[in-house]
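Written below as structure tokens is the structure these notes are about.
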Amino acid sequence: MSDSIIRVAVQKSGRLSDDSLKLFKECGIKFESGSSKLRSVSSNFPIEFLFLRDDDIPGYVEDGVADIGVIGLNVLMENEKQVSIIKELGFSKCRLSLAIPRNETYKDLSHFEGKNIATSYPNLTNKFLLSKGVSAQTHEISGSVEIAPSIGLADAICDIVSTGGTLLSNGLKEVAEVFNSQAVMISNTKLSSDKKNTIDKLLFRIDSVQKAQNAKYVVLNVQEQNIEKVKSLLPGMKSPSVVPLAEEGWYSMHSVISENDFWDIIESLRGAGAQGILVLPIEKMIN
Ligand code: PRT
Ligand code: ZN
């Protein structure tokens, strides 16, 4: 194995898997990922994949069995392994929240004083309550946390929430957010410079993919007298390109706009005389 080949640990099957694999594929990295595969070597980038349970990933990266890994920040912070966070990946977003039976009234965190809280995240929960001056007991369970109050195991829970559907269907309500999570890329803290080089190349590709995800390419037609007005609405990467059309007095303008401002900008563009507006996805964006 060449010194520059890196090993990445990704979740074999679960809520992180699809987006993790998609990210590497969007970076142009080719590899096989069938459900029975435990490892796979890329044919066009110096990287080997290990497919694992998510809970094992931080430990493997800490020990150097894997050089980097993709993991939920919630799992990483709960277990406090010695690894570096090298990239926020923006997917598998969720929050760790305190929830109580729906029919109980809730005023503030003092509600939890002396209460028994079921959770798979005792460290994060205890740290949060301690920082708020609340003293409560956590009861660690590894799954089906949401049924704990209804079977009399606990007064409340602290669990991962995404849409809130699970809490709702178990007669619970979310009352306080403890921790905000997303998928992150982690790395071992003692990497050779050859491996660091490979990781830098990977991070550069990830950056380009992420930038493109937040941007749209806009093409529109505009009459000469409206160019300046339209230009002021289009930030672009540097400034918009303006190309004359075959019809005298008309121009085509090309630019890049942020996904977040998308609808606002499109409305103002129409108001400023832009016509035939085309909006296209961008695959990669390299500054
Ligand atoms: O088998 P393996 O050990 O690898 O996976 P796992 O079962 O331990 O984890 P998995 O695949 O369920 O989740 C992996 C990571 O995805 C978590 O560590 C989080 O970082 C992230 N994530 C994002 C979530 C959710 N959304 C999520 N909704 N993890 C869990 N949930 C569960 C939650 O525990 C609760 O049961 O979904 C339910 C709540 O969802 P809503 O939509 O009803 O609110
Ligand atoms: Zn797990």
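Atoms within each ligand, like the ligands themselves, are counted from 1 in listed order. Please read all numbers here as calculations on a predicted model, not as lab measurements.
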Could you walk me through whether Glu80 and Lys127 pass the salt bridge (Lys or Arg N to Asp or Glu O under 4.0 Å) test, one step at a time?
CA-CA 12 Å; Glu80 294 190 340; Lys127 218 185 276 173; 2.8 Å; yes
What verdict does the salt bridge (Lys or Arg N to Asp or Glu O under 4.0 Å) test give for Asp207 and Lys87, after you've listed the backbone C-alpha separation in whole Å, the side-chain angles of each residue and the deciding distance to 0.1 Å?
CA-CA 9 Å; Asp207 263 348; Lys87 189 93 200 151; 2.5 Å; yes
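For ligand 1, none of its N or O atoms has an N or O atom of Val75 under 3.5 Å away. Considering backbone and side-chain atoms alike, Thr163 places an N or O below 3.5 Å from some N or O of ligand 1. Residue Gln11 has at least one N or O atom closer than 3.5 Å to an N or O atom of ligand 1.
For atom 12 (O) of ligand 1, the nearest non-hydrogen atom of the protein is Arg15 NH1, 2.9 Å. The nearest protein atom to atom 9 (O) of ligand 1, hydrogens excluded, is given as Asp54 OD2, 3.5 Å; this is a heavy-atom distance. In this structure, the protein non-hydrogen atom closest to atom 40 (O) of ligand 1 is Thr166 OG1, 3.6 Å. Of all protein heavy atoms, the one lying nearest to atom 26 (N) of ligand 1 is Cys94 CB, 3.6 Å. For atom 3 (O) of ligand 1, the nearest protein heavy atom (residue, atom name, distance) is Arg53 NE, 2.5 Å. Annotation: atom 17 (C) of ligand 1 to nearest protein heavy atom, Asn74 ND2, 3.7 Å. Of the protein's heavy atoms, Leu16 CG, 3.9 Å lies nearest to atom 15 (C) of ligand 1.
Selection from Ser92, Ser97, Gly164 by nearest heavy atom to atom 44 (O) of ligand 1 gives Gly164. Here the shortest heavy-atom distance to atom 33 (C) of ligand 1, taken over Ile71, Ile160, Asp55, belongs to Ile160.
When heavy-atom distances to ligand 1 are checked against a 4.0 Å cut-off, Ser162 comes that close through both its backbone and its side chain. The side chain of Asp159, and not its backbone, has at least one atom closer than 4.0 Å to an atom of ligand 1 (non-hydrogen atoms only; side chain from C-beta on).
Seen from the ring of Phe31, Lys25 counts as a face-on cation partner, given the 6.0 Å and 45° thresholds.
With sequence neighbours excluded, no residue forms a ring pair (Phe, Tyr, Trp, His ring centres under 6.0 Å) with Tyr121.
Listed for the Glu174 side chain is no donor-acceptor partner under 3.5 Å among the backbone atoms of Leu167. In this structure a side-chain-to-backbone donor-acceptor pair under 3.5 Å is missing from Glu140 to Thr119. Between the side chain of Ser92 and the backbone N or O of Arg15 there is at least one donor-acceptor pair closer than 3.5 Å. Judged purely by atom type and a 3.5 angstrom limit, Gln210 uses its side chain to pair as donor or acceptor with the backbone of Glu88.
Near Gly165, the atoms of ligand 1 lying under 4.0 angstrom from a non-hydrogen atom of the residue are 43 (O), 44 (O). Of all atoms in ligand 1, numbered sequentially from 1 with element shown, those under 4.0 Å from a heavy atom of Gly14 are 11 (O). Counting the atoms of ligand 1 from 1 in the order shown, those under 4.0 Å from a heavy atom of Val161 are 44 (O). Proximity to Gly72 (heavy-atom distance under 4.0 Å) selects the following atoms of ligand 1: 20 (O).
Within the model, atoms CD1 of Ile282 and CD of Gln213 stand 11.5 Å from one another, a figure rounded to the nearest 0.5 Å.
The count of protein N, O or S atoms under 2.8 Å from the Zn ion (ligand 2) stands at 2, with waters excluded from the count.
No hydrogens or angles considered: a donor-acceptor pair under 3.5 Å links the side chains of Asn126 and Thr138. In the model, Asp194 has no side-chain atom that pairs as donor or acceptor with a side-chain atom of Ser192 under 3.5 Å. In summary, the side chains of Glu113 and Ser135 do present a donor paired with an acceptor at a separation below 3.5 Å, with no hydrogens or angles considered. Neither side chain, Thr166 nor Glu146, offers a donor N or O lying under 3.5 Å from an acceptor on the other.
If you run side-chain contact (heavy atoms from CB on, under 4.5 Å) between Ile186 and each of Ile71, Val70, Leu73, only Ile71 comes through.
Ion pairing of Asp67 with Lys195 is present here, as a side-chain N (NZ or NE/NH1/NH2) and a carboxylate O approach within less than 4.0 Å.
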